[in-house]
Amino acid sequence: MANKFDVRLQKYMADCGVASRRKSEELIEQGKVKVNGHIAHIGDKTNPKKDLVTVHGKKIIKTNEMKYIALYKPRGYITTVTDDRGRKTVMELVKGVKERVYPVGRLDKDSEGLLLLTNDGAFANALMHPSHHFAKVYRVTVRPSVNDEMLLKLRDGVEIDGRMTAPCEVTVVSEEEGRVVLEFVLREGRNRQIRKMCDAVGLTVARLKRISIGSIKLGMLQPGQHRELSENEIKRLLRSAGHSEE
């Protein structure tokens, strides 16, 4: 019989700062989550008031102290909480944060720039929900050079992974022989999207740096540095997602 205190397991995990709901579902599918000693399954619910939930054998607890962090992810780090292959993860860059935060969204290993981390499951869910279409701005160095036809295709949409990309803004920031810096403004987030888009029109990405997510800017952060978001920054993001400020 359902209990009024029962919540979906992946939501509880996100609220405890384990990972986003989507990543929490992956952990459940991988058999790494147990409830009262039993391996959990997708669709399971938990009663936080009485159930013991463990991830990788460690008990998780919901925290009331919410953290919102902007990190400059350097190249060479993967955007995940843990990695079975021993690769460097972004969590190594926020070891000084006592709360158990996790990345919101992704930025691939070879890319750099702004990444948000939090332990607020509702905040992460609001940012990642596909209906909100936060504008994300990237500075992308490509080779060898671009022409008007390439730019038009990138702006109008190209086919990657069997479907067209949404229209986006692409402008030339600077240009020299054999090297061009472009600025992309995307409102969708598909895996390695910009790299695949450039490849589809014959361009090679030499460097990719995300400089903003919605109203949050990378600013003066240096690679590996992080800072806490201000209360106003958090409110602006939530307002953009259609949430009240309360």
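- Contact check for Thr46 versus Met13: no side-chain heavy atoms found under the 4.5 Å cut-off.
- Hydrophobic clustering (side-chain heavy atoms under 4.5 Å, transitive across Ile, Leu, Val, Met, Phe, Trp, Tyr) groups Ile216 together with Val104.
- Among residue pairs with one or both ends in residues 197-226, those qualifying as side chain to side chain donor-acceptor pair (under 3.5 Å) are Glu112-Arg207, Tyr138-Arg210; sequence neighbours excluded.
- Counting all heavy atoms, side chain and backbone alike, Ala14 lies closest to Ser20 at CB-C, 4.3 Å.
- Across all non-hydrogen atoms, the minimal contact from Leu114 to Ala70 is CD1-CB, 3.8 Å.
- Between the Asn36 side chain and the Leu52 main chain, a donor and an acceptor come within less than 3.5 Å of each other.
- Residues Asn125 and Lys11 have side chains not in contact (no heavy-atom distance under 4.5 Å, counting atoms from C-beta outward).
- Taking 4.5 Å as the limit, every side-chain heavy atom of Leu182 sits out of range of all side-chain heavy atoms of Thr171.
- The side chain to side chain donor-acceptor pair (under 3.5 Å) check on Ser111 picks up Asp108, Arg195, with sequence neighbours excluded.
- In the hydrophobic clustering of ILVMFWY residues, with side-chain heavy atoms under 4.5 Å counting as a link, Leu237 and Tyr72 come out together.
- Pairs passing the side chain to side chain donor-acceptor pair (under 3.5 Å) check and including a residue from residues 88-104, sequence neighbours excluded, do not occur.
- For Met164, the CE atom counts as densely surrounded, since its 6.0 Å shell holds more than 12 non-hydrogen atoms of other residues, nucleotides or ligands.
- The two residues Leu186 and Cys168 have their closest heavy-atom pair at CD2-CB, 3.7 Å.
- Shown here for Ala19 and Ser24, the closest heavy-atom pair between the two residues is O-OG, 3.4 Å.
- Taking CD1 of Ile234 as the start and CZ of Phe123 as the end, the distance is 6.0 Å to the nearest 0.5 Å.
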Could you walk me through whether Asp84 and Lys32 pass the salt bridge (Lys or Arg N to Asp or Glu O under 4.0 Å) test, one step at a time? CA-CA 12 Å; Asp84 294 337; Lys32 296 177 179 177; 3.1 Å; yes

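- Heavy-atom neighbours of Arg22 CZ from other residues, nucleotides or ligands within 6.0 Å: at or below the threshold of 12.
- The hydrophobic cluster containing Val142 also contains Ile160, counting ILVMFWY residues as joined when their side-chain heavy atoms lie under 4.5 angstrom apart, directly or transitively.
- The side chain to side chain donor-acceptor pair (under 3.5 Å) check on Glu25 picks up Gln10, with sequence neighbours excluded.
- No side-chain heavy atom of Thr80 sits less than 4.5 Å from a side-chain heavy atom of Arg87.
- Taking both residues in full, the closest heavy atoms of Val180 and Pro144 are given as CG2-O, 4.3 Å, listed atom of the first, atom of the second, then distance.
- Residue pairs satisfying the side chain to side chain donor-acceptor pair (under 3.5 Å) criterion with at least one member in residues 141-162, sequence neighbours excluded, are listed as follows: Asp161-Lys196.
- A distance of 9.5 Å separates CG of Leu218 from CD1 of Ile213, quoted to the nearest 0.5 Å.
- Contact check for Pro103 versus Lys73: no side-chain heavy atoms found under the 4.5 Å cut-off.
- When side chains are defined from C-beta on, Val94 does not count as touching Val90, because their heavy atoms never get closer than 4.5 Å.
- Here the closest heavy-atom approach between residue Asp15 and residue Gly121 is recorded as OD1-CA, 3.7 Å.
- The side-chain heavy atoms of Ile69 and Arg227, taken from C-beta on, include no pair separated by under 4.5 Å.
- With a 4.5 Å cut-off on side-chain heavy atoms, Ile28 and Asp44 do not count as touching.
- Grouping the Ile, Leu, Val, Met, Phe, Trp and Tyr side chains by contacts below 4.5 angstrom, directly or via other members, places Phe184 with Leu107.
- Side-chain heavy atoms closer than 4.5 Å link hydrophobic residues (I, L, V, M, F, W, Y) into clusters, and following such links, possibly through other members, connects Val170 to Val158.
- Atom CD1 of Ile78 is separated from atom CG of Asp83 by 3.5 Å, given to the nearest 0.5 angstrom.
- The environment of CD in Glu176 is crowded: more than 12 heavy-atom neighbours from other residues, nucleotides or ligands sit within 6.0 Å.
- Judged as a side chain to side chain contact (heavy atoms under 4.5 Å, CB included), and not counting sequence neighbours, the contacts of Pro48 are Val7, Tyr12.
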